[in-house]
J.: 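Handing you a structure now.
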Amino acid sequence: MKEKIQELKQKFNTELDAVKDTKALEDLRLVFFSKKGLISDLMKELGKVPNEQKKEFGQLINGLKKELNDKFDEKKLELVKLEEESEINATEAYDESMPTRCACGSYHPITLVQRDLEDIFKSMGFDVEDYNEIVDDYHCFEALNIPKFHPARDMQDTYYLSTPNQLLKSHTSAAQNAIMRKYGDALKKQKRPIKAVFPGRCFRNEAIDACHENTFFQMEGIMIDEDISISNLIYFMKTMLSEVFERDVTVRLRPGFFPFVEPGFELDIQCLICGGDGCPSCKNSGWLELCPCGMIHPNVLKYGGINTEEEPDKYTGFAFGLGLTRLAMMKFGIKDIRVLNEFDLNSLSQFVSK
Ligand code: PHE
């Protein structure tokens, strides 16, 4: 028995020495350590040994098992390390000086359009405001005259967080109330009109296709003071759009319904491609729908702390919600909205501001 143990040890050592990779090591493991392997065979022979020697041989076999196991593990570590190293050496070295496919970074088309608009609005005296993406039901709906169960909510189904009452804002109008509260004092005490734009990412539960995305950008604007009327709205929209498109644009207002404006409009611009004659871009109508807007609803002004019960009509204002994503698509001739969220640097780097 002792000889057999000795022989097995020697056989293991020689074979282990010859092993050059992890695959051969695995074969060796099967030969020695598996259920039907040589060590198991040896254990079986223990049964034939006279009782008084069983203890001694049992201990010897266990010692052998441990010794071989340790050697096996040591060899395994060594081989794995070697194989990893050779794999690293075999891969092509990273050359920092190589030009990348997209040689220099560029701004996202939406960022470009957003910055253009911010500059235009700043030059007309508007403040640019930032606002949260996660909002509560009150700011996104109730404060905008959209009570619970109002059908207008169907158009703005969005993503609700597991935290109660928290949702991803479905439109930038969700910031109106906060902005009114922020600047309300300056309006009343310093007679400083509220003029603010607030760009932001919006979310809606949409089936995605070339024209619809669940994530898109808008830029909201409000102006509130005494005696603000629809003519102010038309003036600002026309000036801003002429700047954006770098030419004089003709606009028209059609009635449109949004619970937070009264009256509400859809603002169209005359098609820039055909000049109003009708072409495929404007679906032969001569007009492009661009921007919902309207006079801020009295309830919204009240919820924002602007008008009081005593003087419910003191201040008036207009609001508009420009689709930044749509504007970027128009400006850069992007036909598929999905391009904007795909983050493919090769397509996105084609757009540069003029
Ligand atoms: N928030 C509206 C929407 O996303 C757009 C809008 C803004 C309409 C401001 C009127 C005034 O559908």
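Whatever order the structure lists them in is the order used to number ligands and atoms, beginning at 1.
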J.: When you measure from the centre of the six-membered ring of Phe216, is the NZ or CZ of Arg204 under 6.0 Å away and within 45° of the axis?
T.: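 Output no; distance or angle outside limits.
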
J.: Closer than 4.0 angstrom, basic N to acidic O: yes or no for Glu45 and Lys48?
T.: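 No, Glu45 and Lys48 are not salt-bridged.
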
J.: Considering Phe320, Phe318, Phe260 one by one, which has a heavy atom nearer to atom 10 (C) of ligand 1 than any of the others?
T.: Phe260

J.: Nearest protein heavy atom to atom 5 (C) of ligand 1, by residue and atom, and its distance?
T.: Pro292 CG, 3.6 Å

J.: Mind checking whether Met155 contacts ligand 1 via backbone (N, CA, C, O), side chain (CB onward), both or neither, at a 4.0 Å heavy-atom cut-off?
T.: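 Neither; no heavy atom under 4.0 Å.
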
J.: Could you walk me through whether Asp70 and Lys66 satisfy the salt bridge (charged side-chain N to carboxylate O under 4.0 Å, His left out) test, starting with their C-alpha distance in whole Å, then the side-chain angles of each, then the deciding distance to 0.1 Å, before giving a yes or no?
T.: CA-CA 6 Å; Asp70 287 350; Lys66 183 167 180 332; 2.8 Å; yes

J.: State whether the shortest distance between N or O atoms of Arg204 and N or O atoms of ligand 1 falls below 3.5 angstrom.
T.: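 Yes; the residue has a nitrogen or oxygen that sits under 3.5 Å from a nitrogen or oxygen of the ligand.
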
J.: Passes salt bridge (charged side-chain N to carboxylate O under 4.0 Å, His left out), Lys191 versus Asp225? Steps please.
T.: CA-CA 8 Å; Lys191 304 222 165 299; Asp225 200 358; over 6 Å; no

J.: For Ser173, take its heavy atoms, then give the atoms of ligand 1 lying under 4.0 Å from any of them.
T.: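 Here the atoms of ligand 1 in question are 1 (N), 7 (C).
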
J.: Just which atoms of ligand 1 are under 4.0 Å from any heavy atom in Gly321?
T.: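 Checking each atom against Gly321, I get 7 (C), 9 (C).
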
J.: So is there a nitrogen or oxygen of Gln218 less than 3.5 Å from a nitrogen or oxygen in ligand 1?
T.: yes

J.: Verify the distance criterion only: is there a donor paired with an acceptor across the side chains of Asp136 and Gln166 at less than 3.5 Å?
T.: no

J.: Does ligand 1 have any atom sitting under 4.0 Å from a heavy atom of Gly264?
T.: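 Outside the 4.0 Å threshold, so no.
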
J.: Do you know which two heavy atoms are closest between Gly294 and Phe265, and how far apart they sit?
T.: CA-CD1, 3.9 Å

